[in-house]
Amino acid sequence: MLRKNVNTMLDIIIRKYFNELQLWKNEENDIDILVQLVNAIRPKNPKKHESFSLFNTIEFFSNNQVERDNFVAYLKTVLENKNFDAILTDAGILQDIDFFYEVKKRIFAKILPYQAPKDTLQYVLNQIFYADSDPIWVNKIPKVELETLFDLFEFETIYESVEAHAPLYEVMEAINLLSQRTSGKALETDVMKMVPEYSGLESPFAAFEKELYAIEKTIRTKESEFFTTSSDINFKQLLVLHKQCNEFVEKAFQNSSKYGISLRVNQNLLSIKQHLYRIGVLMPLLVIDKPEEKKSKSIELAIKLIKYNCLKTNVRKLFAESTQLLSYEITQHTAKTGENYITESKTEYFKMLYAALGGGLIVGILCIFKLLLSKVEISDFGHAFLYSLNYSIGFIIIYLLGFTLATKQPAMTASALISALEDGLKKNSISADEKHKSFAKLFARLFRSQFIAFVGNVIMAFPIALLGIWMIDTTFGINIAEMKWEKFIIDLNPIQSLLLFHAAIAGFFLFLSGIISGSIANRDKHFDVKYRIEEHPWLKMTFGKERTKNFANWYDNKWPGLMSNFWFGVFLGSTSSIGKFLGLSLDIRHITFASGNLALALYDAKFQVEDNLLFWGIFGVFMIGLVNFLVSFGLSLGLAFRSRNIPLTELKPIFSSIKRRFLSKPMSFFFPTE
């Protein structure tokens with residue numbers, strides 16, 4: 001019924017404008033008729049259709065000669081002398097290496113689309129094929145129907161002429177411009193730094209330009225047959241050089257693990273890659289081996305023009321492509337760090353316990369200091385500053401002393417797990433089941449490492465906080481938690497407070513601190529910070545070469561962790577004050593601090609707390625730890641999956657394998673049993 005209505009609407013429009021009266025000539029804006037026609041055939045849900053037939057349209061024009069002749073004359077008027085090279089060179093290709101500017105520009109263009117001059121094909125396509133879904137249903141039109149319409153509407157192939165503004169001329173101009181842009185970007189200093197292997201060699205991009213010029217010169221000087229063939233030696237050489245250009249870009253991306261990479265360089269390389277891909281799409285249009293290819297390649301070009309123009313403001317694709325390599329480098333750093341947090345032997349397991357006890361000791365002291373700072377009469381900003389300073393100094397001390405804060409581990413260990421899974425997936429010598437079994441075994445090691453770290457933090461933070469408040473009370477006669485026990489207990493109750501939400505916020509900050517650590521390590525690697533420090537003339541003269549080198553090594557190993565812990569402290573310390581400023585219930589809940597606060601509450605209540613309240617308080621501490629872990633680990637796992645292009649379909653066999661491991665060897669998730 002719907003298709004029948006569509007066909008009726010088409011008949012009405014065509015008969016109205018293209019009968020003997022030729023009313024289309026009276027229209028002030030002749031494109032509007034074509035807009036109506038496409039709107040009449042455009043499906044509402046193109047993804048639901050396996051194919052999209054124009055059989056009825058073909059049948060109508062085949063049986064109505066007058067309407068067809070008038071429509072052909074109309075199409076020539078609309079499409080004649082409309083240049084389109086800008087679509088091929090610009091649409092969907094990264095134009096600016098400033099990522100945030102490019103995102104802003106595309107979002108603005110989605111809201112208020114750019115309108116090209118009216119003498120261009122881009123203007124025509126903007127008016128007719130304006131929906132993002134248009135390429136979907138256009139691609140589903142059977143090829144044989146498109147070729148039939150091509151003949152019915154008397155279209156010429158793009159190989160009829162190479163004069164200025166002829167279609168083939170536009171294609172060659174587009175390839176030339178893309179090639180020149182690519183060559184210029186590839187010769188920039190920051191890009192060349194990524195591929196020292198090409199230093200002193202002739203640029204494959206310059207060689208590609210020369211070969212392309214030779215081919216196009218040959219085509220332009222012909223009197224007819226404006227194309228080349230796949231057997232042409234020059235075209236074969238062009239393909240080889242195009243491959244070498246792509247290898248240049250791939251080598252630069254691969255070298256990011258050695259030299260690091262900045263967002264600017266990443267965008268530059270991505271732009272070169274996109275330009276090369278577009279050149280690779282257009283080059284075959286210069287080649288004709290069989291006469292029938294003229295028609296098929298002309299139709300192919302038309303479809304590509306529609307697709308490129310529709311998807312030119314795609315923000316999701318830009319974000320995915322631009323951030324993938326950077327996220328890989330960041331998670332690569334966290335994976336290497338995370339390996340240190342996964343224990344295997346009993347010795348490593350108990351070392352983790354001792355490190356966690358040390359972390360709990362520091363956190364217990366931080367709980368006391370935060371309570372003291374809360375009594376300082378100062379603005380919310382002042383409290384945010386003092387709390388942030390308290391947290392940051394404490395976390396940095398934990399880090400420098402080699403202690404462990406359990407919740408800092410998931411953001412690091414998730415990447416290590418995925419790195420191990422990636423290595424397993426690359427090995428063809430073992431079955432998929434074995435790969436997932438190995439992953440499950442590694443996850444069990446990770447889980448028990450997290451478990452003992454949680455235990456160590458909690459069982460030490462509780463008595464240290466209790467000892468601290470008792471010593472202050474005994475020495476100075478001041479109960480610093482006076483009248484606060486009820487608030488502390490309620491804050492630990494997942495029923496009476498926003499505990500789970502606040503724990504999730506802390507989990508997000510844990511994930512974010514891991515990202516900061518990886519991004520700083522990547523940045524320092526890219527800018528050769530370690531080498532710069534080692535060879536700094538003033539430092540070598542003042543402190544000597546050996547000390548300068550030792551400092552450079554210390555900086556390289558410790559600085560990312562220091563900054564990560566510093567900012568994690570700032571996040572935790574300022575969240576509550578920011579929430580007050582915004583009028584929102586924002587706060588953080590962290591398992592180790594929660595256990596310390598439980599101790600302070602019990603002391604203030606003189607240990608006279610109802611069993612019901614005590615149960616919810618202890619249960620709340622457990623829930624905080626669980627949410628801290630799940631959020632930080634889940635976000636890090638998702639980032640690691642995406643950065644390594646591992647499909648999410650792998651999650652199901654992974655979870656199944658972990659489940660089987662837990663059911664068969666549950667104790668291995670808590671203790672090193674093997």
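Atoms considered below: every heavy atom in the structure, side chains included; atoms not considered: hydrogens, waters and symmetry mates.
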On the ring face of Tyr387, is Lys370 found with NZ or CZ under 6.0 Å from the centre and within 45° of the axis? yes

Any luck finding a side-chain donor-acceptor pair between Asn309 and Asn126 under 3.5 Å? yes

With a 3.5 Å cut-off and no angle check, do the side chains of Lys484 and Ser374 form a donor-acceptor pair? yes

Any side-chain donor near an acceptor of the partner, Trp559 and Asp556, under 3.5 Å: no

Would you tell me whether Tyr308 and Asp90 have side-chain atoms, one donor and one acceptor, within less than 3.5 Å of each other? no

Are Ile472 and Ile368 side-chain neighbours, meaning at least one heavy-atom pair lies under 4.5 Å? yes

Output all residues satisfying salt bridge (Lys or Arg N to Asp or Glu O under 4.0 Å) with Lys307, sequence neighbours left out; order by chain, then residue number. none

Is it the case that the ring center of Phe488 lies less than 6.0 angstrom away from the ring center of Trp485? no

Tell me every residue that passes side-chain hydrogen bond (donor to acceptor under 3.5 Å, both in side chains) with Asn479, counting only those two or more places apart in sequence or in another chain. Asp604

Phe671 side, atom CZ; Phe451 side, atom CZ - distance, nearest 0.5 Å: 5.0 Å

Geometric cation-pi criterion Arg42 and Tyr130, 6.0 Å radius, 45° cone: yes

Within residues 99-109 or reaching into it, pairs that qualify as side-chain hydrogen bond (donor to acceptor under 3.5 Å, both in side chains) - sequence neighbours excluded: Glu102-Arg106

Report yes if some heavy atom in the side chain of Leu614 is under 4.5 Å from a heavy atom in the side chain of Leu602; otherwise report no. yes

